[in-house]
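When reading the values below, keep in mind they use all heavy atoms of this one structure, side chains included, and skip hydrogens, waters and symmetry mates. In what follows, every chain begins at residue 1, and chains take the letters A, B, ... in the order their sequences are listed.
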There are 2 protein chains.
Amino acid sequence: MITKIAITDDHKMVLKGIQSMLKDTKDIKIIGLYSSGSETLNAVEKDKPDILLLDINLPDTSGIDLCKQLKKNNKTLKIIAISNYDEVSFIKRMLNSGADGYVLKNTDKLELLTAFKTVLNGEQYLQRDVEKKLLAQSIGKKNVNTLLVKLTRREKEVLQAIFEELTTQEISEKLFISPKTVETHRMNIMSKLGAKNSVGIIKAAIENNLL
Amino acid sequence: MITKIAITDDHKMVLKGIQSMLKDTKDIKIIGLYSSGSETLNAVEKDKPDILLLDINLPDTSGIDLCKQLKKNNKTLKIIAISNYDEVSFIKRMLNSGADGYVLKNTDKLELLTAFKTVLNGEQYLQRDVEKKLLAQSIGKKNVNTLLVKLTRREKEVLQAIFEELTTQEISEKLFISPKTVETHRMNIMSKLGAKNSVGIIKAAIENNLL
DNA sequence: TTAAAATCAGGGAATACCCTTAGACCAACT
DNA sequence: AGTTGGTCTAAGGGTATTCCCTGATTTTAA
């Protein structure tokens, strides 16, 4: 029996990459390449793949929502999330949204095939590194990767505004919140980034790719 | 003449993707696939590719540093940065570090080939979207990019101190001058760089390699 | 020597920085 | 269903710093 695979990713390189990895494999056929969330929703209905490899970071939709939606409409469909990020909270939410597997983009052919077999078997598949990370967290060991700073949605907006050289007053008007709230956010950002002032915020933001 | 291409990316999928895109192309041969900064540094020396496609976001090194290093050791090597991000400040820093081109990961075969031809010709190649973004930014902004700003010796010292997140008071102590003098210098720097505050100073400084 | 650079100051308005506290809201876990 | 944790909101009440103007003297370099 041939397994029908579809792939959703907005990067052509990734689409091509997976396709080329799996091309000459027995029992597997790639029947669809999609590049957006909306396209995926439509195409999955008619292509009816057995497994969908789904990039989390799509331009038009959140991968979490899309995953829920797809699962609701297609009960038998297996979804394996593919992502650059091995952020634990992300993985957890993705799996809670119905994803059957989670692999990083540095995966190889063998790992992919194992993932396919596993999810078709009704089990959940996690890439080795990912599994390790989840485990490390649940044991209570603090994540080694503390360098990665997590800013909240609002903090990112304030950060962006600071980057635009706006004053507290201007930011408050832009975001429709009190200047006092803006200051609170700025203080929290400084604290998280270890910055002594706004200049430090901008330095850290650039260094950590937060913009 | 055959152009020798090497690719550095920590995602196997991207490596595979580019490889499969370029595989059947005349005059092009892929001679190296690397997955880390250190591996690239070593391998480039012996593989001697004409063009290196370099992912910016590597696990072990900053793409910017790696780019500088590679350029220093291999004068004739052309480097095209590939990245997910189209942040202007990043692109600028990458190009300032010696990259000959910048393409996003959603590029296609034709665009890649055009990029190759362009950089081999000694010119700089920017993906259409990227170019647009850079252009959009420099319009309406005081032209800091082309008219290279001339800061005096003292202004540069003050700039450096601001970058170190020091206050006016601290800067004055560091440079053995009055706080009032520091303020004067800061005002002049802001004026020269078209900045609205210290954040703007740091942005302009980074964009223009003034540090 | 003339222009640019570096130095300094007064004084005021605006803004940033700091600490603390606290209610409202929402999602997750027991 | 209740509790916890995180986020967002906001305020009081400060102090410190930046920003902005003007005007000035001295030093340095073309």
Checklist entry - With sequence neighbours left out, what residues match A:Lys29 under salt bridge (Lys or Arg N to Asp or Glu O under 4.0 Å)? => result none
If I take atom [atom1] in residue [X] and atom [atom2] in nucleotide [N], what distance separates them, rounded to the nearest angstrom?
X	N	atom1	atom2	result
A:Lys196	D:dT17	NZ	C1'	13 Å
B:Ile201	D:dT18	CD1	P	10 Å
B:Glu165	C:dC17	CD	C1'	13 Å
B:Ile162	D:dC19	CD1	C1'	12 Å
A:Leu151	D:dG6	CG	P	15 Å
A:Glu157	D:dC8	CD	C1'	11 Å

Item to check | Difference in axis direction between the ends of the helix from C:dT1-D:dA30 to C:dT30-D:dA1, five pairs, 10° | outcome: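 Angle reported: 60°, given to the nearest ten degrees.
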Item to check | Sole residue of B:Lys180, B:His185, B:Glu183, B:Arg186 in side-chain hydrogen bond (donor to acceptor under 3.5 Å, both in side chains) with B:Thr168 | outcome: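 Filter result, single survivor: B:Arg186.
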Main chain of [Y], side chain of [X]: is a donor-acceptor contact present, judged purely on distance under 3.5 Å?
X	Y	value
A:Glu173	A:Glu170	no
A:Lys78	A:Asp100	no
A:Asn121	A:Lys117	no
B:Ser191	B:Met187	no
A:Ser172	A:Gln169	yes
A:Lys71	A:Leu77	yes

Item to check | Contacts of type side-chain contact (heavy atoms from CB on, under 4.5 Å), residue B:Asn188, not counting sequence neighbours | outcome: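 side-chain contact (heavy atoms from CB on, under 4.5 Å) check on B:Asn188 returns B:Glu155, B:Thr184.
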Next on the checklist: Using every non-hydrogen atom in the two residues, find where A:Lys16 and B:Ser20 come nearest and quote the distance to one decimal.
Outcome noted: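 Between these two residues, the closest heavy atoms are CD-OG, 3.5 Å.
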Would you be so kind as to tabulate the donor-acceptor pairs closer than 3.5 Å made by side chains of residues 40-47 of chain A, with sequence neighbours excluded?
residue: A:Thr40; atom: OG1; partner: A:Thr8; partner atom: OG1; Å: 2.8
residue: A:Thr40; atom: OG1; partner: A:Ser36; partner atom: O; Å: 2.6
residue: A:Asn42; atom: ND2; partner: A:Ser38; partner atom: O; Å: 3.3
residue: A:Asp47; atom: OD2; partner: A:Tyr34; partner atom: OH; Å: 2.7

Is there any protein nitrogen or oxygen under 3.5 Å from a nitrogen or oxygen in nucleotides 24-27 of chain D, and what are the pairs?
none

Checklist entry - Which parts of nucleotides 1-16 of chain C does protein reach within less than 4.0 Å, heavy atoms only, written one letter per nucleotide 5' to 3' as B for base, S for sugar-phosphate only and - for none? => result ----SSBBBBB----S
